[in-house]
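For reference, the structure discussed in these notes is given below.
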There are 2 protein chains.
Amino acid sequence: MVQLNFNHLRYFWTVAKEGSIARACEVLHLTPQTISGQLKVFEESIGNALFQRSGRGLVLTDTGRLVKQYADEIFALGGELSQQLRDAGPVNSFTVGLVDSIPKLIAYQLLEPLITSADPVKLVCHEGKIDQLSSDLALHKLDMVLTDTPLPAGHAIKAYNHHLGSTQVGFYAHRRIARKYSAKFPASLEGAPMLLPVQASAMRRDLDDWFLRNSIQPKITGEFADSALIKAFGEAGAGIFPAPAAISEHIEQTYHCRFIGNADGISESYYAVSVERKLKNPSVVRMNEAAHEWLSS
Amino acid sequence: MVQLNFNHLRYFWTVAKEGSIARACEVLHLTPQTISGQLKVFEESIGNALFQRSGRGLVLTDTGRLVKQYADEIFALGGELSQQLRDAGPVNSFTVGLVDSIPKLIAYQLLEPLITSADPVKLVCHEGKIDQLSSDLALHKLDMVLTDTPLPAGHAIKAYNHHLGSTQVGFYAHRRIARKYSAKFPASLEGAPMLLPVQASAMRRDLDDWFLRNSIQPKITGEFADSALIKAFGEAGAGIFPAPAAISEHIEQTYHCRFIGNADGISESYYAVSVERKLKNPSVVRMNEAAHEWLSS
DNA sequence: TTTATTATTCGATATTTTCGAAGTAAATTG
DNA sequence: CAATTTACTTCGAAAATATCGAATAATAAA
């Protein structure tokens with residue numbers, strides 16, 4: 001016996017459990033000659049009889065009893081595994097890492113195609129800093145990372161940036177404030193109360209550059225790591241805040257704000273980072289297409 | 001998945017252990033396309049991916065990790081079983097029950113063909129009363145019972161007597177005693193010191209009948225359940241004892257006795273009792289043939 | 001006895017596994 | 001950055017294996 005044949009073991013085990021080949025046939029949906037033959041092959045491969053032919057029936061030999069004990073355990077485990085796999089169902093889960101600075105609404109818009117499709121996936125989202133997320137990606141704890149800054153090329157981690165599209169950046173504020181700054185935009189922003197992302201974010205770097213180019217020095221009222229927090233402050237009237245133009249309508253409705261104007265010349269890009277150079281995962285491909293469509297309009 | 005395919009499981013497990021299809025190929029002596037294909041079939045039968053294709057390699061998914069844990073246990077058990085079966089070797093053991101009253105030398109002569117043959121069997125002998133032995137036979141704890149009395153036909157136990165042959169019964173004694181009783185045998189036995197089997201034995205019943213028919217009344221010095229004990233007493237000169245003529249030479253040599261004469265008209269028969277009506281077990285068939293040959297000469 | 005049940009043997013047939021050839025994609029190399 | 005090597009996959013055809021139908025044997029039950 002080179003290697004244990006589990007098919008034979010199963011037949012043997014069923015016969016041993018049921019007490020006869022005839023009964024095992026019903027359980028296994030096979031004919032007696034098949035089981036009898038396979039049993040014989042098994043016995044020959046083992047080199048010992050498993051059953052003693054007695055009258056027109058079979059009785060386990062010592063070896064047979066030994067084998068049955070192991071088979072009991074083995075098929076108990078096998079059954080348990082099958083059950084677990086059945087319970088789990090076809091999960092097709094997809095784990096995404098979201099960089100903190102990416103607006104939740106953008107993330108939702110980008111990921112939405114994954115859950116509303118013919119072949120829906122179970123979406124698992126994690127948030128964190130790009131360093132943490134990219135190392136998780138390398139460890140295959142994540143299937144993809146959504147970020148607004150592409151991963152540096154010379155990075156130790158093998159991963160590829162897939163550009164999803166870009167959007168202009170606009171300024172929004174509570175209607176009372178917005179009215180005041182809408183006229184003579186962008187010059188009006190000089191000394192205006194401003195809520196901005198932290199220095200680490202891509203948008204902040206672009207905005208600082210834009211303010212410089214336009215010779216505007218706003219009054220920075222607050223800095224936020226989480227983009228949702230900015231908007232909550234903005235809704236309360238704490239100041240003007242920047243947001244992707246792509247979700248302009250949502251911003252105005254959800255946070256009861258008004259659009260003031262676009263930061264001309266700067267744009268926010270979004271990237272899907274994955275370990276595959278070419279996107280193959282159907283979920284990612286779908287998302288990529290939808291993103292391009294959305295962010296080009 | 002109707003039923004877990006252990007072949008697929010083994011391939012999956014090997015790939016998971018070795019880390020790549022390529023390495024698994026070497027272990028399993030298969031080509032990559034086989035393993036890749038079978039793995040795919042397995043994944044489809046499960047309904048979930050087991051590996052995530054990453055670059056030109058594979059990484060376990062959550063489901064894959066679950067399956068691997070079970071596979072570890074299952075194949076550990078399988079390996080253990082294989083090892084035990086390998087260690088055991090082709091044992092072909094054969095368990096015989098010997099009725100107390102059957103002479104050990106007769107038993108040896110009958111069973112000898114089983115151990116000195118091209119396909120030797122491991123002989124396991126038990127001794128006991130016919131009742132105990134025949135019930136053990138029914139429970140398949142014994143393959144055969146050797147006895148000098150056939151099992152009654154109407155017995156509750158399903159078993160068949162196979163007549164092995166018969167032998168005359170002779171009288172033996174220490175040479176000093178033998179000389180005295182050899183002349184005028186069998187009349188000389190009147191009042192002679194006699195060592196006999198217990199009433200329960202077949203030989204004793206036959207002998208009592210023979211004494212009656214020949215109008216001899218010996219002086220019974222002792223009764224023994226075990227036939228070997230009679231001979232030990234006989235060797236010491238305690239009296240005349242009966243023994244199968246078939247082992248006459250052995251008796252004379254081993255116990256330093258002399259043959260006095262045969263109990264004409266009576267014979268001892270030996271039977272192999274087994275659960276099979278027709279002897280099929282090659283060991284038993286061989287023994288049966290050898291016994292017939294021996295006891296006909 | 002006859003009948004029903006159980007297991008086995010022997011081909012013929014189906015199914016499953018395996019491999020060769022060719023292709024894709026990613027890592028490595030010059 | 002093109003060429004080479006490595007690793008996996010896809011698609012048939014071939015090989016190995018399992019299954020079954022028909023016939024047989026033996027035992028148990030009626």
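A, B, ... follow the sequence lines: proteins, then strands. Residue 1 opens every chain.
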Pair B:Phe42 + B:Phe51: ring centers closer than 6.0 Å: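 Between B:Phe51 and B:Phe42, which both carry aromatic rings, the centre distance is not below 6.0 Å.
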B:Phe75 and A:Phe6 aromatic centres sub-6.0 Å: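 Distance test on ring centres: under 6.0 Å, yes.
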Would you kindly give the [atom1]-to-[atom2] distance between [X] and [N], to the nearest whole Å?
X: A:His8; N: D:dT19; atom1: NE2; atom2: C1'; answer: 12 Å
X: B:Glu276; N: C:dA7; atom1: CD; atom2: P; answer: 16 Å
X: A:Phe42; N: D:dT19; atom1: CZ; atom2: C1'; answer: 19 Å
X: B:Tyr160; N: D:dA28; atom1: OH; atom2: C1'; answer: 9 Å
X: A:Leu50; N: C:dT8; atom1: CG; atom2: P; answer: 12 Å
X: A:Arg10; N: D:dT19; atom1: CZ; atom2: P; answer: 11 Å
X: B:Leu30; N: C:dG20; atom1: CG; atom2: P; answer: 11 Å

Upstream residue (5' side of DNA chain D) when A:Tyr11 and B:Val275 are each assigned their closest nucleotide: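 Here A:Tyr11 is the residue nearer the 5' end.
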Nearest-nucleotide 5' precedence on DNA chain D, A:Val41 against A:Gly55: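 Taking each residue's closest nucleotide, the earlier one in sequence belongs to A:Val41.
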Other residues, nucleotides, ligands: >12 heavy atoms within 6.0 Å of B:Lys17 NZ: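 Yes.
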Axis-to-axis angle between the two ends of the helix from C:dT1-D:dA30 to C:dG30-D:dC1 (five base pairs per end, rounded to 10 degrees):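 The end axes of the helix from C:dT1-D:dA30 to C:dG30-D:dC1 are about 20° apart, to the nearest 10°.
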Derivation of the side chain to side chain contact (heavy atoms under 4.5 Å, CB included) call for A:Asp136 and A:Gln132: CA-CA 6 Å; A:Asp136 283 354; A:Gln132 179 59 46; 3.1 Å; yes
Side-chain H-bond candidate by donor/acceptor type, A:His8 with A:Ser45, under 3.5 Å: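 No, because no side-chain N or O of A:His8 sits under 3.5 Å from a partner of the opposite role on A:Ser45.
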Close side-chain approach of A:Gln84 to B:Tyr70, heavy-atom, < 4.5 Å: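 Result yes, sub-4.5 Å side-chain heavy-atom pair found.
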Validation row: A:Tyr270, A:Thr167 side chains within 4.5 angstrom (heavy atoms):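 Yes, at least one pair of side-chain atoms sits under 4.5 Å.
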Nucleotides 2-9 of chain D: protein proximity per nucleotide (B base, S sugar-phosphate only, - neither; heavy atom, under 4.0 Å): ---BBSSB
Is the shortest side-chain N/O distance from [X] to OP1 or OP2 of [N] below 4.0 Å?
X: B:Thr31; N: C:dT18; result: no
X: B:Asn5; N: C:dT17; result: yes
X: B:Asn7; N: D:dT17; result: no

From C:dT18, D:dT19, D:dA28, nucleotide with atom closest to B:Gln38 side chain: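 So the nucleotide nearest the side chain must be C:dT18.
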N-O pairing of A:Arg286 and A:Glu293 below 4.0 Å: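 A salt bridge is absent here (no side-chain N lies under 4.0 Å from a carboxylate O).
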Sugar-phosphate only, base, or nothing, as touched by A:Phe51 at under 4.0 Å among non-hydrogen atoms: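 Counting heavy atoms under 4.0 Å across all strands, no contact is made by A:Phe51.
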Validation: residues 23-35 of chain B side-chain donor-acceptor distances under 3.5 Å, sequence neighbours left out:
| from | atom 1 | to | atom 2 | distance (Å) |
| --- | --- | --- | --- | --- |
| B:Arg23 | NH2 | B:Glu18 | O | 3.0 |
| B:Thr31 | OG1 | B:Thr34 | OG1 | 3.1 |

